[in-house]
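Please read the structure below before turning to the comments.
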Amino acid sequence: MNPPPATLTDDATLTLHPLEPLTAEEFKQTAEIIRRETGFGAAARFVFISLKEPAKDVIRSWEPGVAVPREVHAVFRNIEDKTTREATVSLTDDVLLTHEVKEGVQASLTMEDFELIEETCKAHPDWQAAMVKRGITDFDLCMLDPWPSSYQGPDDHPSNRRISRPLTWVKDKEGAHGYARPVDGVVCVIDLDTKEVTVEDTADVPIPEMSGNYVPEMAIGDANNVTRVWSERADVKPIEITQPQGPSFTVDGHHIQWQKWDFRIGFTMREGIVLHRIGYQDGDPEDPTLRPIFHRISLAEMFIPYADPSPTQNFKNVFDMGEVGIGWLANPLELGCDCLGDITYLDGVCHDQDGEPVVIPNAICMHEEDYGFGWKHTDFRNGEVEVRRLRRLVVSMIATVGNYEYGFFWHLYTDGTIEFEAKLSGVLSTGAYDPAKGDPKYGAKLAPGLYGAHHQHFFNVRIDPEIDGPANRVVEVDSVPLPLDHPDNPLGNVWQTEATVIDTETAGERVVDPYKARFWKIQSSDKKNLVGEPTAYKIEPGATAMPLQSMEGNFAKRGQFSQKTVWVTPYEESERYPAGDYPYQHPGGQGLPEWTKQDRPTADTDLVVWYTFCAHHVVRPEDWPVMPVHHIGFKLKPSGFFDGNPSLDMPRSASGHAGASHCSHHA
């Protein structure tokens, strides 16, 4: 159930929380100011308009009713002179504050670009000739995916031109799954400014013949379909999740309070969900202390390099945040389909290329989940049992990026843990091979003549900590065995932990090491816990993999942040994206590798931690024709932040068995 929308008066608008996401009217006002004061008119095409977040001290000291100037940052293009530009706008004063041309870069793709790419390439005679050569005459059955161009060499440098390299698939009939039939060997290169198209037809690979439909009406009973489906399952019984008294959280605009957690939800067109001002109400419930933990956390970039040298695969290394944007691709979520339970939704407010607002209804889903038992102990001597359930609050969104679906889930637990989980689904970006010439070398077969190339998905989460205050440090913790000749280790079983403070940016370029059970603590520089150690949260790595691209190649240079699991930098407001502000067509070296050359001090200061993890995708037949969800992520867990188990005060649960009032019992 959604809370009723608030009607904001002019006075209320002036006293919005400084981190409240931009409203529809604010998007319109921003575009109007920029057009008016630059004189560009319709030539100004807007890519990303986002809230210019106030300084941290302003946010920390803000109180309800206090007006804070609303400022906006905008990335836009002047399509007449083909320039990428940035501007800052004061909504409060209705004026343009700054405006500059960004030389040598290209802004992200937009929906306007998506539509232009498919329409223009399909109309080109060379593309049509390539289709006819393959026996394709109904062009309405063809679909083109607008892949970012990557950087293949000097001709692709963003200072030269703005291009895309779309790929083609063809359906065997209307409504069929197009990705089952790639038109391999055909790559278009389209200049998005001049609309010039070059068609590269490098090979004539047979189009796969088998279908890959997953819609029941087309899949059931089709013997030519992979996977073969005879009927829908008839033994799936309903599952109903109810909360008769409603959810345990409260929502005030974008301010959320739940089980001692206190935070704000933000939303941007580039990042999607942003969590702000995450804190925890600790101590006496009659007089709790709101302890700050994180100022801001977001998924800052995704980098997906493919491992296939074939002409239709060898340029695939896309930055989904920086080259496309995740927020504006969010799905409108539906109860019972995407979310289950007692749901509260928040809309995602975005804009189009005219700066006109676009509202994505139910873009963010929020609900509670039972997650098994949180803690339990049975005293075997007397049979006394104590058990408590673990509960989590889920804040999620799902974005469709071409063929892939990505679900982004933030979990806050009653034991103080925060977890980020990415869920990968959707459809593989497929290729065709000629079975008469052998199996594909750099991918896995999905059906006769159809394969999925090896690839990796790197996720980088920007963590702006505030563990009990602004001054923090990062400590790397390794578990190391003692040598057998050590006097304390005569039996060879002893190991200890070794902690190293990361005090500079160079020292902060770290790699996961499962042989040492490595993790990282973000510690307070000032506050100690009951046993005299710094209060802290730790980064607990989950499943991951290292990049396999050569550092001499274009891919690794463009996605250099993926070479390290952890980067530590001092806080700098302008440093937001690990591959830089403008990765589109960029040859690389932006972002983290550029910033950290300064080797600035990182201990006992306001800092940022960048955590990278990887979904390593060696394709399997079971991933076709639509992928079962793949889960990957990591956790931020209290590690000395509390003096003991913070969920010790969870109430006993009612038992579902007759004769017992609650789950715990005593002799």
| said: Using side chain to side chain contact (heavy atoms under 4.5 Å, CB included), reason through Met546 and Cys614 one step at a time and then give a plain yes or no. | reply: CA-CA 7 Å; Met546 295 304 296; Cys614 173; over 6 Å; no
| Salt-bridge criterion met for Arg162 and Asp156 (N-O under 4.0 Å) | no
| request: Would you kindly say whether Thr110 and Glu112 are connected by a side-chain donor-acceptor distance under 3.5 Å? | output: no
| query | If we ignore angles and hydrogens, is there a donor and acceptor under 3.5 Å between the side chains of Asn331 and Thr400? | reply | yes
| message | Any salt bridge linking Asp193 with Arg77? Criterion: basic side-chain nitrogen under 4.0 Å from a carboxylate oxygen. | response | yes
| request: Verify the distance criterion only: is there a donor paired with an acceptor across the side chains of Asn78 and Thr83 at less than 3.5 Å? | output: no
| field | Positive for ring-ring contact (aromatic ring centres under 6.0 Å, His included) with Trp328, one of Phe114, Phe48, Phe267 | value | Phe114
| query | More than 12 heavy atoms of other residues, nucleotides or ligands under 6.0 Å from NZ of Lys445: is that the case? | reply | no
| Centre of Trp610's six-membered ring, under 6.0 Å away, within 45 degrees of the axis: is that where NZ or CZ of Arg462 sits? | yes
| said: Using the side chain to side chain donor-acceptor pair (under 3.5 Å) definition, which of the options Thr430, Asn403, Asp145 pairs with Tyr179? | reply: Asp145
| said: What I want to check is whether the side chains of Asp184 and Tyr433 have a donor and an acceptor closer together than 3.5 Å. | reply: no
| task | Pick out which of His99, Glu100, Lys52 makes a side chain to side chain contact (heavy atoms under 4.5 Å, CB included) with Thr88. | result | Lys52
| field | Tyr151 and His586: CA distance, side-chain angles, deciding distance, ring-ring contact (aromatic ring centres under 6.0 Å, His included) verdict | value | CA-CA 6 Å; Tyr151 175 85; His586 201 280; 8.1 Å; no
| Would His411 and Glu421 count as having a side-chain donor-acceptor pair, cut-off 3.5 Å? | yes
| query | Is a side-chain donor-acceptor pair under 3.5 Å present for Thr268 with Arg270? | reply | no
| request: Look at Glu271 together with Arg296 and state whether they make a salt bridge at an N to O cut-off of under 4.0 Å. | output: yes
| request: Mind telling me whether Phe319 and Phe303 have parallel, tilted or perpendicular rings, with 30° and 60° as the class edges? | output: parallel
| message | Against Ser149, only a single residue in Val189, Leu192, Ile163 fulfils side chain to side chain contact (heavy atoms under 4.5 Å, CB included); can you say which? | response | Ile163
| What is the ring orientation for His351 with Phe46, classed by angle as parallel under 30°, tilted 30 to 60°, or perpendicular over 60°? | perpendicular
| message | Quiz question: by atom type and distance under 3.5 Å, do the side chains of His73 and Glu86 form a donor-acceptor pair? | response | yes
| Aromatic rings His457 and His455: how do their planes relate, parallel, tilted or perpendicular, breaks at 30° and 60°? | perpendicular
| query | Any Lys/Arg nitrogen of Asp155 or Arg161 sitting under 4.0 Å from an Asp/Glu carboxylate oxygen of the other? | reply | no
| field | Exercise: do Ser159 and Glu103 side chains pair donor with acceptor under 3.5 Å | value | no
| task | Check Ala107 against Tyr582 and note the closest heavy-atom contact, atom names and distance. | result | CA-CD2, 4.1 Å
| Could Lys133 and Asp201 be called an ion pair, given the rule that one side-chain N must be under 4.0 Å from one carboxylate O? | yes
| task | To the nearest 0.5 angstrom, please state how far the CG atom of Asn213 sits from the CG atom of Asp172. | result | 6.5 Å
| Under the side chain to side chain contact (heavy atoms under 4.5 Å, CB included) criterion, do Phe420 and Phe408 qualify, and how do the steps go? | CA-CA 7 Å; Phe420 176 72; Phe408 305 114; 3.9 Å; yes
| Between Ser164 and Trp147, is there a donor-acceptor pair closer than 3.5 Å when you use the side chain of the first and the backbone of the second? | yes
| message | Does either side chain, that of Tyr306 or that of Asn314, offer a donor lying less than 3.5 Å from an acceptor on the other one? | response | no
| Salt-bridge present (Lys102, Asp581; N to O < 4.0 Å) | no
| His177-Trp169 aromatic ring centre distance below 6.0 Å | no
| query | Is a side-chain donor-acceptor pair under 3.5 Å present for Gln456 with Gln549? | reply | yes
| query | For Glu356, does the CD atom sit with more than 12 other heavy atoms under 6.0 Å from it, leaving out its own atoms? | reply | yes
| message | If only side-chain N and O atoms count, and only distance matters, is there a donor-acceptor pair under 3.5 Å linking Lys316 with Ser429? | response | yes
| said: Aromatic contact between Trp410 and Phe634, with the criterion being ring centroids under 6.0 Å apart: yes or no? | reply: no
